[in-house]
Amino acid sequence: MRCEQSLDLVSRYCEGSLEGALLVAFQNHLQGCQECRDAASDMRRLYADLSTAPVAVEPPADFRAHVWRKIDEASAPQAGRRRSLLPEWRVLLSRRGLVWAAAAVLLVALWGTTVPGTRVAAWLGLPVSVRSPADEVPVVVGPATVHGGELRFRLTTSRSVPVQVSVSIAGRAEEAVSVAVEAGQPAEVALPGPASGGQVLLRVSWEHHGEVRSQTMPLRVR
Amino acid sequence: MGDTVSDQQHPERSSRGMTAEERRLVDRSRQGDRDAFDDLVRLYERRVYNFAFRLCGNHHDACDIASDAFVRLYQAIRGFRGDSSFVTWLFRIVTNIYLDMRKRDRSHRQQSLQEMVELEESSVARQIEDPHPTPHAAAQASERTALLNSAIDSLPEHQRIMVVMYHHESQSYEEIAAALELPVGTVKSRLNRARLALRDRLRAHPEHFPSD
């Protein structure tokens with residue numbers, strides 16, 4: 001058996017579905033080939049790594065309502081849709097329509113309502129919005145700076161809520177502060193920052209209907 | 001010359017099927033019962049959302065893909081005859097919606113969960129909903145996980161979908177073949193190539209993925 005054939009069979013070998021003469025030939029090849037032995041050994045470890053379930057994510061709290069909105073929109077009568085407030089495609093495709101569409105796209109991007117928008121906003125030095133997965137409390141973080149050993153940033157939420165912010169820096173006990181954030185009013189947060197560059201973990205927690213929600217964000221400090 | 005991995009990893013694969021309750025919900029949904037369909041969404045929303053999230057890597061697109069999948073399911077469920085398993089059919093819908101989205105937006109760049117967003121002196125990574133481990137434990141595990149996620153993200157589209165379906169969603173080769181409408185042999189050989197490619201990528205990081 002050549003190495004090429006052996007590598008074609010390595011998954012089956014690891015899964016135990018290689019049998020009979022093929023298994024014997026594979027094992028004989030492995031005995032004389034360090035490279036394929038390594039491949040089989042690495043492959044078993046890879047199976048173990050991949051079998052570790054990734055952290056499960058939760059759909060937004062209003063996911064089913066969102067699905068029903070889409071279903072109802074999709075099944076609305078054609079005539080009803082014609083009377084919608086949305087402009088017709090002909091208008092959108094006119095020169096003026098395209099200018100307005102481009103402006104709208106730019107505005108959306110600058111407000112940082114989406115992750116790519118966040119990047120644009122960050123690039124322009126504007127506040128960066130990090131949405132909570134369920135969208136129930138949009139938490140705005142930014143711009144983050146490190147001055148004099150202090151990590152500073154601003155938080156705002158859509159409703160007044162006590163927010164717990166903690167920062168974890170390798171080799172140091174976790175530091176936490178509680179911040180009372182008023183709806184729409186940015187609250188300044190200062191926490192002990194890293195002495196030098198590296199990665200710190202920032203955790204923002206808040207209460208939602210009696211349940212503690214949290215977001216963890218790695219911050220890479222230069 | 002070593003233990004095999006399949007039996008330990010997927011002991012329930014051969015017996016996977018719909019429960020009586022799921023079958024009842026599907027049957028009632030086929031007759032236009034909205035309450036039954038709502039229960040069906042409730043039953044599968046987490047699984048569908050997680051699958052979508054692992055394909056696209058972000059909550060915004062995952063929400064679009066998962067919700068569109070349920071809309072398409074609602075529109076098509078009357079025609080579901082049970083020729084393939086319901087879950088296989090649902091996964092095929094999710095996969096097709098994801099691939100359609102990718103086709104529509106070729107400029108869309110795959111974003112890893114650990115991708116950093118530049119931000120003045122610092123940078124903020126994309127959010128990770130992670131209520132369980134402590135931040136310190138998360139820090140220790142995050143780099144290894146990030147490397148593995150990044151290696152998976154770098155695979156060709158179909159190989160990546162197969163890796164997610166097999167290793168994260170515990171789908172069998174036969175279920176993946178049915179969902180992607182490919183011969184089982186093709187799925188097996190592509191997955192083998194995908195794993196070898198992952199192994200090559202991870203070997204570049206011996207500090208996190210040491211060999212014997």
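Naming: A, B, ... by sequence-line order, numbering from 1 per chain. Computed from heavy atoms alone, side chains included, the values below leave out hydrogens, waters and symmetry copies.
Contact of B:D68 with chain A is made through backbone and side chain together, with heavy-atom distances under 4.5 Å. Heavy-atom distances place both the backbone and the side chain of B:L196 under 4.5 Å from chain A.
Contact check for B:N192 versus A:L9: no side-chain heavy atoms found under the 4.5 Å cut-off. Looking only at side-chain heavy atoms (C-beta outward), A:F63 and B:R46 stay at 4.5 Å or farther from each other. Put simply, the side chain of A:R64 does not reach to within 4.5 Å of the side chain of B:F70, judged on heavy atoms.
Summarising the geometry, atom CZ belonging to B:R199 is positioned 7.5 Å from atom CG belonging to A:L7; distances are rounded to the nearest 0.5 Å.
The local environment of CD in A:E4 is sparse, with at most 12 non-hydrogen atoms from other residues, nucleotides or ligands closer than 6.0 Å.
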Open item on the list: Please evaluate residues B:C63 and A:H66 with respect to the criterion side-chain contact (heavy atoms from CB on, under 4.5 Å), reporting the C-alpha separation (whole Å), side-chain torsions for both, the decisive distance (0.1 Å), and the verdict.
Closed with: CA-CA 9 Å; B:C63 189; A:H66 181 60; 3.9 Å; yes
TODO: Give the C-alpha distance, both sets of side-chain angles, the deciding distance and a yes or no for side-chain contact (heavy atoms from CB on, under 4.5 Å) between B:I152 and A:L50.
DONE: CA-CA 10 Å; B:I152 294 170; A:L50 289 168; 3.8 Å; yes
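Contact record, B:V71 with A:I71: CG2-CG1, 3.9 Å, taken as the closest heavy-atom pair. B:S67 approaches A:K70 most closely through the heavy-atom pair OG-NZ, 2.9 Å. Minimum heavy-atom separation, A:E58 to B:Y49: O-CE2, 3.6 Å.
With respect to the salt-bridge test (charged N to carboxylate O, under 4.0 angstrom), the residues B:R203 and A:E35 do not qualify.
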